[in-house]
2 protein chains.
Amino acid sequence: MRAKEPAGRAEIARSCGLSVQAVSNITEVLENDGLLRVVGQKTGVRGKPATQYSINPEGAFAVGIELRPDALICAILNLKGECIYKARVALDNAAPDMAIPAIESAISLAITTSNRDRVQLLGVGIVMPGPFGVSSQGAHDDAILPEWDGVNIQQVFEDALKCAVIVENDATAAAIAERVTGVAASIDTFCFIYFGTGLGLGVITDGHAQRGAFGNFGEIGHIITQAGGTQCVCGNNGCLETYASRLSAKRSLEEHGINLPDGFAMETLLADENPVLLDWIETASTHLSQAISILENIFDPETIILGGAMPDTVIDAFIARLNLPVGSVANRENRTIARVIGGSSGRFTAAIGGAAMIIHNTTTPSLALYN
Amino acid sequence: MRAKEPAGRAEIARSCGLSVQAVSNITEVLENDGLLRVVGQKTGVRGKPATQYSINPEGAFAVGIELRPDALICAILNLKGECIYKARVALDNAAPDMAIPAIESAISLAITTSNRDRVQLLGVGIVMPGPFGVSSQGAHDDAILPEWDGVNIQQVFEDALKCAVIVENDATAAAIAERVTGVAASIDTFCFIYFGTGLGLGVITDGHAQRGAFGNFGEIGHIITQAGGTQCVCGNNGCLETYASRLSAKRSLEEHGINLPDGFAMETLLADENPVLLDWIETASTHLSQAISILENIFDPETIILGGAMPDTVIDAFIARLNLPVGSVANRENRTIARVIGGSSGRFTAAIGGAAMIIHNTTTPSLALYN
DNA sequence: ATACTTAATTCAAGTTACTTGAGTTAACAA
DNA sequence: TTGTTAACTCAAGTAACTTGAATTAAGTAT
């Protein structure tokens, strides 16, 4: 439905295998609920002109929250997937009794500011760094929220917010965002490599997100790309994350006396062709190439998207420097999409992804993916 | 349903969220079709004794075919997943006009020999080596069937056999077999590493097989575990497959003048503690450890199963020598299953997997996985 | 202009796969 | 013997569809 818009009822019926009558009934309900609206008639062809229906962007909205150790990011997406609100709230700590009220008031503020009615709230998508429930034999990641260990996060938020809640990690949320509004709008099977503090992987197969048996799918940051390499916080050596993450860039630059407060600074350094940064990018690309090659071989995706909290220019620099094997299942003739492409990026990507999950869920024929 | 057997109707209703009445209607139909049968009453508790229903193993059956360049393997599974027939037919070549009639007569023979009625045939699962539709820039694998390139395999077989057909690669078929009859009967999310001529990966998530965008999911044999390592037929260097496959064992042994005609010979060599073989196992285990660690990080599975056309003793030797990182999402406290376990193996594994796919499909609430 | 042709849409009447609620049956327990 | 418990059946209802026969409103050919 979302793909080709606007569309007539008979057209919708053909594309989703229902009878015209069924579509007619459904559109009637959706129109009454304000989720669909008539946007004209289709003329120019024979036959009775088709009444064209379109998603009503104002019909409903979803809130996305990214919870991090030091801050809270909030975004609102309308039904069409357009971002109509963004905000960041600093946090002393992210423990439940601090974070939950902060989230509640952030959502209230967001809804008021963007002039919406809470009745039209489809749900809240919460993005939190994983992994969850893992043995603490290895040291813990900086981005982790230990206070939430053992908490049934979805339940807690559903009780607190009194609406539908989905909890996911940043990479999966970003992947879904890409499908709802981004470059993957018409791609059913793809991988998304997410640059956060560390590195995450979100995979969509046939339009559905992969979650793993324990919700820890996609810990790609800790696959080892260099045996006996740099020591990682996880206790192993040579993890991808130690070469190709924001944190690793920060470290490399600091070793040469360069401070890296934020992504903007990185963009500037790249524009200035800073040799230390270029060197880091070169190394990171080598390791990313390995990871991408593994993903291609395992998932056979239509494409692999790179995005997240990393400047677009840096992501483009990675892609330009990738060195992917030629003898791969991904190296088909007649490709329509490149093997690796850039996706959405920026500080708000994960929060937008959170909201996108809700939109995706209400839009996609759910085969019990969540619930 | 399959999990806890036998069961009363009210019990089934509770476990699958339907009303008792609905289950009653459904069991009535299934009993008339001979797929279910009454196996007694449950007494010992209060209330009216529940009529216990069980799957009728004789109610239906499925055929599995493994097509290889030199041979055709055929197996029949009854509805309960028990293998009731196995056969191997040598083939001059596996081109369609040779293979299709051979398959047709193999199936007829199988049905006759095992005393079944074709009416009860649920379908045929065909297992063929991939990858399909890949650019031929790299050299081709020994196991590949070039004559089938560009053929709509499922269509061709449905037309020829006039019944439901599923086509899959060996690793996925083996994974499904493990779920239908094997060690994964109650595991919803797991990875299966399949030792064939090369090396394949099948992944089941939430009970559904992963297929990839172009049907080439799971080419794990060609992930690179040693940069600049041994030359592989795919054109790259250091592929896992060059260290940990039957073909690589054969090569290693031949370099030392030892001939390896079949799996049985390998078992004997292992029992004799042949140093060349032990050396190969040691090396293979190192590379497998890397692959397994990657799979754990990416898929967050309940377990990883090793199986296929490799003797059980060799698989156990691999598992004993694995060296898996401690700091992994897979290293949870309170694990109920080991991180890596052995699965079914042997010459007939893939063909049995083919039949298992059919059983799985008719048994599992299909959310449009196939079709 | 008039009479086809084409295609979208509606109306009314099934059909399927369930659920709901009110019994009925048969074991175990006090 | 009289409850209590739980499985099961019967009859009626309902949601979400499909089917087939009109109806409507273009565009097209004569």
Side-chain angles (χ1 to χ4, degrees), chain A residues 1-56 59-60 122 164 361-369 371, chain B residues 1-56 59 122 164 361-371:
Chain A
M1 167 80 223
R2 318 191 79 255
K4 29 182 178 176
E5 258 216 309
R9 277 166 283 190
E11 201 179 336
I12 297 170
R14 279 189 299 266
S15 81
C16 63
L18 288 176
S19 68
V20 181
Q21 185 55 52
V23 173
S24 223
N25 295 339
I26 294 166
T27 50
E28 194 189 336
V29 173
L30 292 177
E31 197 181 354
N32 288 338
D33 292 353
L35 302 181
L36 277 186
R37 62 178 184 189
V38 174
V39 293
Q41 305 276 113
K42 182 172 189 178
T43 57
V45 281
R46 277 192 168 191
K48 179 172 175 179
T51 314
Q52 300 296 99
Y53 283 85
S54 232
I55 291 171
N56 180 3
L122 293 170
N361 233 306
T362 64
T363 311
T364 300
S366 151
L367 306 169
L369 228 203
N371 281 329
Chain B
M1 168 78 224
R2 315 190 82 254
K4 27 182 178 174
E5 256 216 314
R9 278 167 281 190
E11 202 179 335
I12 298 170
R14 279 188 300 267
S15 81
C16 64
L18 288 176
S19 67
V20 181
Q21 186 54 52
V23 173
S24 222
N25 294 339
I26 294 167
T27 49
E28 194 190 336
V29 173
L30 292 176
E31 196 182 355
N32 288 338
D33 291 355
L35 302 182
L36 277 185
R37 61 178 185 189
V38 175
V39 293
Q41 305 276 112
K42 182 171 190 178
T43 58
V45 281
R46 276 195 168 189
K48 180 174 176 179
T51 314
Q52 300 296 98
Y53 282 85
S54 228
I55 291 171
N56 180 4
L122 294 170
N361 232 308
T362 64
T363 311
T364 301
S366 152
L367 307 170
L369 226 205
Y370 299 102
N371 279 329

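Worth saying up front: this structure is predicted, and the values here are computed from it rather than measured.
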Heavy-atom contact window of chain B on DNA chain C, given 5' to 3' at under 4.0 Å: C:dC18 to C:dA29
Donor-acceptor pair under 3.5 Å, A:Gln21 side chain vs D:dC17 base: no
By side-chain hydrogen bond (donor to acceptor under 3.5 Å, both in side chains) - contacts of A:Gln21 (at least two apart): A:Asn25
Residues that B:Glu31 engages under side-chain hydrogen bond (donor to acceptor under 3.5 Å, both in side chains), provided they are two or more places apart: B:Tyr53
A:Val38 and A:Gln52: CA distance, side-chain angles, deciding distance, side chain to side chain contact (heavy atoms under 4.5 Å, CB included) verdict: CA-CA 6 Å; A:Val38 174; A:Gln52 300 296 99; over 6 Å; no
Closest-nucleotide ordering on DNA chain C, the 5'-leading residue of B:Val23 and A:Val20: A:Val20
For nucleotides 27-30 of chain D, give me every protein contact, N/O to N/O, under 3.5 Å, one pair per line with atom names.
unit_1: D:dT28; atom_1: O4'; unit_2: A:Arg46; atom_2: NH2; d: 2.8

Distance in Å, B:Ile55 CD1 paired with B:Arg37 CZ, rounded so as to fall on 0.5 Å steps: 10.5 Å
Contacts of type side-chain contact (heavy atoms from CB on, under 4.5 Å), residue A:Leu30, not counting sequence neighbours: A:Ile26, A:Leu35, A:Leu36
Set of residues satisfying side-chain contact (heavy atoms from CB on, under 4.5 Å) with respect to A:Arg46, sequence neighbours excluded: none
Sugar-phosphate, base or nothing in reach of B:Ala22, heavy atoms under 4.0 Å: base
Interatomic distance where CG belongs to B:Leu18 and C1' belongs to D:dA7 [whole Å]: 17 Å
Whole-Å gap separating P (D:dC8) and CD (B:Gln52): 8 Å
For B:Glu28, side-chain contact (heavy atoms from CB on, under 4.5 Å) partners two or more places apart: B:Asn32
By side-chain contact (heavy atoms from CB on, under 4.5 Å) - contacts of A:Val45 (at least two apart): none
B:Glu11 CD - D:dC8 P separation (whole Å): 9 Å
Touch class at under 4.0 angstrom, heavy-atom based, for A:Ser24 against every strand present: sugar-phosphate
Rounded distance in Å - CZ (B:Arg14) to C1' (D:dA7): 9 Å
Approximate separation, where rounding is to 0.5 Å, of B:Glu11 CD and B:Cys16 SG: 11.0 Å
